[in-house]
Undergrad: 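Got a structure for you, written out below as C-alpha cells; questions coming shortly.
Labels below follow one simple rule: chain letters A, B, ... track the order of the sequence lines, proteins then strands, and each chain is numbered from 1.
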Amino acid sequence: MSLDAQTLIDWFADSARDLPWRRSDCTAWGVLVSEIMLQQTPVARVEPIWHEWLARWPKPSAMAEATQGEVLRAWGKLGYPRRALRLHAAAQAIATEHNDVVPDDVDTLLALPGIGAYTARAVAAFAYGQRVPVVDTNVRRAVARAVHGAGDAGPPSTTKDLRDVEVLLPEDDAAVFSAALMELGAVVCTARSPRCADCPVFETCAWQLNGRPAYDGPAKAVQKFAGTDRQVRGLLLDVLRGTVEPVDKTRLDRVWSDAGQRDRCLHSLLVDGLVEQTADGRFALPGEH
DNA sequence: CACACGTGGAA
DNA sequence: TTTCCAAGTGT
C-alpha cells in the first residue's frame with residue numbers, strides 16, 4: 001500500500017502539536033468535550049473554551065447540574081450552539097445511566113445525543129485506545145490523495161469511508177495511527193495548499209506518483225451565511241447570551257430589519273430549545289427562569 | 001442523500 | 001471584498 005503506518009506514527013511522535021486533549025492526563029470526558037467542540041470549529045478557537053469548561057465541569061455529573069442557559073453562555077461564540085445543548089444532554093445521560101463514566105464502546109457512544117459516526121470512534125480510539133477507524137474530513141482528504149491518488153475526497157459515504165480506513169489500520173497502535181492520519185490532514189495534507197515538502201509519506205504518495213491530478217469529482221457546495229437564517233439566529237442568540245434578565249421582543253426586533261425572517265428565526269430557536277419564553281412573554285436562554 | 005445549522009480568520 | 005473552509009450531526 002502507499003501509506004506506511006509506522007512512518008506516520010514515527011512522524012507523529014516527532015512533530016505532533018501539543019494539544020491539551022492529547023495529553024496523557026486528559027480524561028475521557030475531556031476528550032469527548034474536545035471532539036464536540038472541534039466539530040466544524042478550528043482548534044485555535046476551541047482551546048481556550050475547552051480549558052474553561054474542564055475547569056468548571058471536570059466530570060459529566062458536574063455539567064449535568066448546570067442549566068442549559070449556563071452551558072450556552074459558556075459556549076460563547078464557538079458556533080452551532082445546538083452542540084452545547086446536546087453535550088449537556090449527553091452529560092446528563094452519562095451521569096445517570098453510565099455511572100458518570102464516558103462509555104468506551106462505539107455503539108453506546110452512538111446512542112448519546114450529538115455523537116455520530118466520527119465522534120463515537122474518536123472517543124473510543126483517543127480516550128480508550130480502541131482499534132476502530134476514525135474518519136473525519138482530514139482523514140478523508142489524506143486518504144483520497146495518499147492512497148487513492150485523487151486530488152481530493154469525493155462526497156462522504158460513511159460506510160465506504162470507514163471501510164477505506166479500516167484496511168489501513170495497523171494491528172498495533174491503531175489509535176495513534178488514527179491520530180497521526182488526522183494530524184497529517186490537518187497540518188500537512190491541507191485543503192488549500194498542501195505542504196508536500198514537509199510530508200512524511202511524500203515518496204509513496206499516490207497523488208504524487210499519479211502526477212498530482214486536480215479534483216475531478218462533483219463540485220462541493222459552498223455554504224452561504226450572510227442574510228441566511230443562520231446569521232439571524234446567531235444575532236438573536238447573541239443578545240440573549242449577553243443578558244441575565246429576560247428581554248422584551250422589542251429588543252430582539254432590533255437585530256434584523258426583515259420582520260418575517262426575524263420571527264421565523266425566533267420561532268425556530270424556540271422549537272430547537274435554544275430559547276425560552278417566560279410567563280410574562282419575554283425571552284431568555286433556556287432553563288433559567 | 002441533500003440540506004440546515006454559527007462563527008471568524010486566512011487567502 | 002469575496003470566497004473558502006474548520007476534528008460533523010440530525011433530519
Undergrad: Looking across every strand, which nucleic acid part, if any, lies under 4.0 Å from A:R86 by heavy atom: base, sugar-phosphate, or nothing?
TA: sugar-phosphate
Undergrad: Under 4.5 Å between any side-chain heavy atoms of A:C196 and A:R212, yes or no?
TA: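 A side-chain contact exists here, since the closest heavy-atom pair is under 4.5 Å.
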Undergrad: Could you give the distance separating C:dT9 and B:dG8 at their P atoms, to the nearest angstrom?
TA: 23 Å
Undergrad: Check this one for me: any side-chain N or O of A:K224 less than 4.0 Å away from OP1 or OP2 of C:dT3?
TA: yes
Undergrad: Check every strand shown and say whether A:W21 touches a base, only sugar-phosphate, or nothing at a heavy-atom separation below 4.0 Å.
TA: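 Answer is base: heavy atoms of A:W21 come under 4.0 Å of a base.
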Undergrad: Just do the side-chain contact (heavy atoms from CB on, under 4.5 Å) check on A:R251 and A:R282 with the steps written out, would you?
TA: CA-CA 10 Å; A:R251 172 66 189 88; A:R282 291 180 296 164; over 6 Å; no
Undergrad: Under the salt bridge (charged side-chain N to carboxylate O under 4.0 Å, His left out) rule, what do A:K249 and A:D263 come out as? Steps first, then yes or no, please.
TA: CA-CA 10 Å; A:K249 184 159 185 305; A:D263 291 348; 3.0 Å; yes
Undergrad: Using a distance-only test with no angle check, is there a side-chain donor-acceptor pair under 3.5 angstrom linking A:E35 and A:T119?
TA: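 Note: A:E35 and A:T119 side chains miss the donor-acceptor criterion.
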Undergrad: Would a distance-only check, ignoring hydrogens and angles, find a side-chain to backbone donor-acceptor pair under 3.5 Å from A:N210 to A:G149?
TA: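 A pair under 3.5 Å: yes.
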Undergrad: Identify, with sequence neighbours excluded, every residue that meets ring-ring contact (aromatic ring centres under 6.0 Å, His included) alongside A:W207.
TA: none
Undergrad: Looking at A:V176, is its backbone amide N or carbonyl O close enough to the side chain of A:D173 to form a donor-acceptor pair, meaning the two atoms are under 3.5 Å apart?
TA: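 It does not hold such a pair.
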Undergrad: Which of residues 169-191 of chain A sit near DNA chain C, with a heavy atom under 4.0 Å from it?
TA: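 Heavy-atom contacts with DNA chain C come from A:M182, A:A186, A:A191.
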Undergrad: Looking at residues 230-238 of chain A, who's got a heavy atom less than 4.0 Å off DNA chain B?
TA: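 A:R230, A:R233, A:G234 - these, ordered by number, are the residues of the stretch whose heavy atoms sit under 4.0 Å from the strand.
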Undergrad: Rounded to the nearest angstrom, tell me the gap between atom CG in A:L78 and atom C1' in C:dG8.
TA: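 One finds 14 Å between C1' of C:dG8 and CG of A:L78, rounded.
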Undergrad: Which residues in residues 33-57 of chain A have a heavy atom closer than 4.0 Å to any atom of DNA chain B?
TA: A:Q40, A:T41, A:R45
Undergrad: Excluding sequence neighbours, so at least two apart, what forms salt bridge (charged side-chain N to carboxylate O under 4.0 Å, His left out) with A:R83?
TA: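 Checked A:R83 against salt bridge (charged side-chain N to carboxylate O under 4.0 Å, His left out); zero matches.
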Undergrad: In the single-linkage hydrophobic clustering (I, L, V, M, F, W, Y; side-chain heavy atoms under 4.5 Å), do A:L240 and A:V71 co-cluster?
TA: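 Hydrophobic grouping puts A:L240 apart from A:V71.
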Undergrad: Without decimals, in angstroms, what is the distance between A:R192 CZ and C:dT3 P?
TA: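 My rounded result for the distance is 14 Å.
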Undergrad: For A:G79, is there any backbone N or O sitting under 3.5 Å from a side-chain donor or acceptor partner on A:Q40?
TA: no
Undergrad: First and last nucleotide of DNA chain B in contact with chain A, 5' to 3', at under 4.0 Å to a heavy atom: what are they?
TA: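 First and last nucleotides in contact are B:dC5 to B:dA11.
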Undergrad: Touch check for A:T228, heavy atoms < 4.0 angstrom, all strands: base, sugar-phosphate only, or nothing?
TA: nothing
Undergrad: List in chain and number order the residues that pass side-chain hydrogen bond (donor to acceptor under 3.5 Å, both in side chains) with A:W11, two or more places apart in sequence or in another chain; answer none if no residue qualifies.
TA: A:S15
Undergrad: Any idea which heavy atoms bring A:R233 and A:S268 closest together, and the distance?
TA: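 Nearest pair, atom of A:R233 first, then A:S268: NH1-OG, 2.7 Å.
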Undergrad: Any side-chain heavy atom of A:L3 sitting closer than 4.5 Å to one from A:F177?
TA: yes
Undergrad: Is A:V102 close to A:L109 at the side-chain level, that is, under 4.5 Å between some pair of heavy atoms?
TA: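 The answer is yes; the side chains approach within 4.5 Å.
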Undergrad: Give a yes or no on whether A:R23 atom CZ has more than 12 heavy-atom contacts from other residues, nucleotides or ligands under 6.0 Å away.
TA: no
Undergrad: Using the rule that two of Ile, Leu, Val, Met, Phe, Trp, Tyr join whenever any of their side-chain heavy atoms come within less than 4.5 Å, decide whether A:L269 and A:L78 are in one cluster.
TA: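 Hydrophobic grouping puts A:L269 apart from A:L78.
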Undergrad: How about A:T278 and A:D280: does a side-chain donor come under 3.5 Å of a side-chain acceptor?
TA: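 Yes, side-chain donor-acceptor contact under 3.5 Å.
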Undergrad: Which residues within residues 246-274 of chain A lie with some heavy atom under 4.0 Å of an atom in DNA chain C?
TA: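 Here the set is empty: none.
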Undergrad: What residues in residues 214-221 of chain A put a non-hydrogen atom under 4.0 Å from any atom of DNA chain C?
TA: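 By residue number: none to list.
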Undergrad: Which residues in residues 130-160 of chain A have at least one heavy atom lying under 4.0 Å from any atom of DNA chain B?
TA: none
Undergrad: Please check if A:V232 and A:V247 belong to a single hydrophobic cluster, counting links between Ile, Leu, Val, Met, Phe, Trp and Tyr side chain heavy atoms closer than 4.5 Å.
TA: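 Per the 4.5 Å side-chain linkage, A:V232 and A:V247 are co-clustered.
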Undergrad: With a 6.0 Å cut-off (strictly less than), is the heavy-atom count around NE2 of A:H51, excluding the residue itself, greater than 12?
TA: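 Atom NE2 in A:H51 is packed in, count exceeds 12.
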Undergrad: Which residues in residues 104-118 of chain A have at least one heavy atom lying under 4.0 Å from any atom of DNA chain C?
TA: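 Only A:P113, A:G114, A:I115, A:G116, A:A117, A:Y118 qualify.
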Undergrad: Of the non-hydrogen atoms in A:Y80 and A:W75, which two are nearest, and what is the gap between them?
TA: O-NE1, 3.9 Å
Undergrad: Using the P atom as the point on both nucleotides, what is the distance between B:dC3 and C:dA7, in whole Å?
TA: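 To the nearest whole Å, 22 Å.
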Undergrad: Applying side-chain contact (heavy atoms from CB on, under 4.5 Å) to A:V134 and A:V165, what does each step give before you reach the verdict?
TA: CA-CA 8 Å; A:V134 180; A:V165 174; over 6 Å; no
Undergrad: Can you hop from A:L85 to A:I115 via hydrophobic side chains spaced under 4.5 Å?
TA: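 Cluster IDs for A:L85 and A:I115 differ.
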Undergrad: Check ring-ring contact (aromatic ring centres under 6.0 Å, His included) between A:W21 and all other residues, then give those that pass, not counting sequence neighbours.
TA: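 Expected list: A:W50.
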